[in-house]
Amino acid sequence: GAAAAMLLLLLSLMGGILARTLEAQRANREAEAARLAADEAQEVADFLVHLFSVSDPYESRGETVTARELLDRGAEEIRGRLNDQPVTRARLLETMGLAYQQLGLLDPARTLLEETLAVRQEEFGADSPAAASSLRRLGHLAWLRGDYPLAVEQLQGALELLEAAGAPEDLTFALVLDDLGSAHEIQAQFDEAEPLLRRALAIRERIAGLDSLEVAASFDDLAVFYADQRKPEQAMVFAQQALDIRRRKLGVDHPEVAVSANTLAVNLFALDRLDEAASLYEEALAIREKALPAGHPDIGQSLNNLSNVYLAQGRIDEGEDLLLRAQLIWEAALGPDHRRVGVVVHNLGDLAADREHWSEAEDFYRRAATIFRTALGPLHPNLSYSLKGLGDALYHQSEFSKARDAYQESLAIRQQSMPDQTELIDEVREALKLLPLPD
């Protein structure tokens, strides 16, 4: 009995010692984590103080400092410091990369986001959620740059990493789904896009609520999804809800309000409600010209879309001016082979065709078809539209054999990619009937 009592006493003492040891270790870990967090906060503060000292009049000597100059300086600063604090370094690299992206400066954004991914892969592992987050950022940027196959590859990779890690279906998870759905949608891969977009919406409704900005983003993407399939009535439902939420949550002059105003206007235009479309396009353009730097790609989008309404209203000179401005912005910001450049070049072809300047129209349609074939693939609806325009231009120049080739390729694309769009299919068939029989 005495031995048993002594054993129990010893076990009790050991248990107490062990508990105090574990408590001390936990306290030490918390203290270390707090110290690291404090060090990180101090590093970030020092970096920002040093970065923005350029706006000090004693430093700048009266010169105006632009946001681009601050970003360039910040990117250079990050590369020369914080090598011993990779987590903080990655965080700052990503923040700077996203700032470049928001300004429409996509090449420097890509450089910084790629560096962020490399740091996080080395620090946390290539299959970590942190790496997945960086991969998602790069996938979204690839979408903006017009490299849609790469966007799908990177976003699919991010999704697979999150699923393998057992990540919860939270708002970050929904963001990956939504971006991946949009990357499929822009390539007219509608069967792949819809379940991803719908799944993202369900997660956002469950977590953020029906009246949230997250749900508004899903509504806007679903509106684009239906608009690109020429289903404006279905698209309008989502577009109006997205616009209402964003106006309530963000006010009337926020760039995201411009996004939804533009989406709704696209569908109003498709339904020939020209005055309503013009009003919303003008609202979107005014917001973007106020909020975004000159030359931003989104300003080019507003200019191009508003030009379509003006041309349809017979305001030819105004419409042409907007088209040419959009072309300059997109070629400078996105490069000459981006999908959006193809859109504005196609629209210039339509304008030349309306004027019966058939040789000029041929050049525009031919260039647009080349861009779409490279940027969107050989079966995209946009390519079929430019080929139809090219066929018309060649027909009016009595180039009947070449016109037939263009019409037949356009017809094949529509039959395969848009089998339910019988009106568009019949349009090309009728054009083929007008051609004289080949010798």
Side-chain angles (χ1 to χ4, degrees), residues 25-26 28-44 47 74-75 77-102 106-145 147-184 192 195-197 199-200 202-204 206-208 214 217:
Q25 289 175 343
R26 185 184 66 80
N28 288 338
R29 285 196 301 270
E30 291 179 353
E32 178 64 13
R35 185 188 66 78
L36 291 174
D39 288 346
E40 179 180 354
Q42 187 60 50
E43 286 286 356
V44 171
F47 168 74
E77 288 284 336
I78 293 170
R79 291 189 175 98
R81 59 193 295 170
L82 299 174
N83 290 323
D84 59 337
Q85 296 188 48
V87 176
T88 304
R89 186 165 182 264
R91 181 179 168 196
L92 287 171
L93 284 168
E94 182 175 72
T95 300
M96 302 292 287
L98 294 176
Y100 274 116
Q101 178 180 301
Q102 291 298 92
L106 304 186
D107 287 338
R110 177 174 56 171
T111 299
L112 291 179
L113 293 180
E114 285 175 346
E115 289 182 38
T116 305
L117 175 62
V119 172
R120 286 177 171 165
Q121 285 176 330
E122 182 176 353
E123 183 68 16
F124 301 108
D127 57 352
S128 64
S133 175
S134 286
L135 203 56
R136 201 280 301 176
R137 297 284 193 193
L138 281 167
H140 182 72
L141 182 63
W143 187 93
L144 293 174
R145 290 173 41 243
D147 192 342
Y148 306 114
L150 178 61
V152 168
E153 177 187 333
Q154 292 178 326
L155 291 166
Q156 184 66 45
L159 180 61
E160 290 171 359
L161 288 178
L162 291 175
E163 289 177 330
E169 291 198 353
D170 56 11
L171 293 177
T172 299
F173 195 92
L175 195 58
V176 178
L177 291 169
D178 196 63
D179 281 354
L180 181 56
S182 295
H184 280 298
E192 294 88 345
L196 294 164
L197 295 173
R199 187 178 170 193
I203 294 171
R204 286 167 165 172
R206 173 173 54 83
I207 296 176
E214 290 83 1

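The structure displayed is predicted, hence computed values, not measured ones.
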Peer 1: Residues two or more places apart in sequence or in another chain: which of them pass side chain to side chain donor-acceptor pair (under 3.5 Å) with Q101?
Peer 2: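 Not a single residue meets the side chain to side chain donor-acceptor pair (under 3.5 Å) criterion with Q101.
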Peer 1: Hey, does I207 have a side-chain heavy atom less than 4.5 Å from the side chain of E214?
Peer 2: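 No. Closest side-chain heavy atoms not under 4.5 Å.
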Peer 1: How far does OG1 of T111 sit from CG of L106, to the nearest 0.5 angstrom?
Peer 2: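 Rounded to the nearest 0.5 Å, the OG1-CG separation comes to 11.0 Å.
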Peer 1: Tell me, which pairs form a salt bridge (charged side-chain N to carboxylate O under 4.0 Å, His left out) where one or both residues lie in residues 128-143, sequence neighbours left out?
Peer 2: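 For residues 128-143, and leaving out neighbouring residues, the salt bridge (charged side-chain N to carboxylate O under 4.0 Å, His left out) pairs sorted by first residue read E94-R137, R136-D179.
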Peer 1: Identify, with sequence neighbours excluded, every residue that meets side chain to side chain donor-acceptor pair (under 3.5 Å) alongside T116.
Peer 2: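 For T116 there are no side chain to side chain donor-acceptor pair (under 3.5 Å) partners, ignoring immediate neighbours.
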Peer 1: Considering non-hydrogen atoms only, spot the tightest contact between A200 and A174 and give its length.
Peer 2: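 In this case the closest contact between A200 and A174 is CB-O, 3.5 Å.
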Peer 1: Check side chain to side chain donor-acceptor pair (under 3.5 Å) between E153 and all other residues, then give those that pass, not counting sequence neighbours.
Peer 2: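 Residues passing side chain to side chain donor-acceptor pair (under 3.5 Å) with E153: none at all.
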Peer 1: Say you draw a straight line from CG of L196 to CG of D178; how long is it, rounded to the nearest 0.5 Å?
Peer 2: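 One finds 9.0 Å between CG of L196 and CG of D178.
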Peer 1: Test of understanding: with side chain to side chain donor-acceptor pair (under 3.5 Å), list the residues that count as partners of E160, not counting sequence neighbours.
Peer 2: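 Testing E160 for side chain to side chain donor-acceptor pair (under 3.5 Å), a comparison that skips the adjacent residues, returns Q156.
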Peer 1: Atom CG of L135 and atom CD of E114: how far apart are they, to the nearest 0.5 Å?
Peer 2: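 Reported to 0.5 Å precision, the distance equals 11.0 Å.
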Peer 1: How about V87 and F124: do any of their side-chain heavy atoms sit closer than 4.5 Å?
Peer 2: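 The answer is yes, as the side chains (C-beta and beyond) meet within the 4.5 Å cut-off.
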Peer 1: With rounding to the nearest 0.5 angstrom, report the CG to CG distance, D147 to L138.
Peer 2: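 Here the rounded value is 11.5 Å.
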Peer 1: Report yes if some heavy atom in the side chain of L180 is under 4.5 Å from a heavy atom in the side chain of V152; otherwise report no.
Peer 2: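 Touching, per the 4.5 Å side-chain cut-off.
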Peer 1: Could you grab the distance from atom CG of L112 to atom CG of L92, nearest 0.5 Å is fine?
Peer 2: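 Between L112 CG and L92 CG, I get 10.5 Å after rounding to 0.5 Å.
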Peer 1: Indicate the atoms forming the closest heavy-atom contact of A158 with A132, along with that distance.
Peer 2: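 Reported closest heavy-atom pair: CB-O, 3.5 Å.
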Peer 1: For E122, does the CD atom have more than 12 heavy-atom neighbours from other residues, nucleotides or ligands under 6.0 Å away?
Peer 2: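 Not buried by this count: 12 neighbours or fewer within 6.0 Å.
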Peer 1: Counting only pairs under 3.5 Å, give me each side-chain donor-acceptor contact of residues 162-171, with atom names and distances, residues two or more places apart or in other chains.
Peer 2:
from : atom 1 : to   : atom 2 : distance (Å)
E169 : OE2    : R199 : NH2    : 2.7
D170 : OD1    : T172 : N      : 3.2
D170 : OD1    : F173 : N      : 2.9

Peer 1: Looking at every non-hydrogen atom in both residues, tell me the closest pair between D127 and L161 and how far apart they are.
Peer 2: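 So the two residues come closest at CA-CD2, 3.5 Å.
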Peer 1: Determine whether S134 and L113 make a side-chain contact, defined as any pair of heavy atoms from C-beta on separated by less than 4.5 Å.
Peer 2: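 S134 vs L113: side chains apart.
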Peer 1: How long is the span from the CG atom in L155 to the CH2 atom in W143, to the nearest 0.5 Å?
Peer 2: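 Taking CG in L155 and CH2 in W143, the distance rounds to 11.5 Å.
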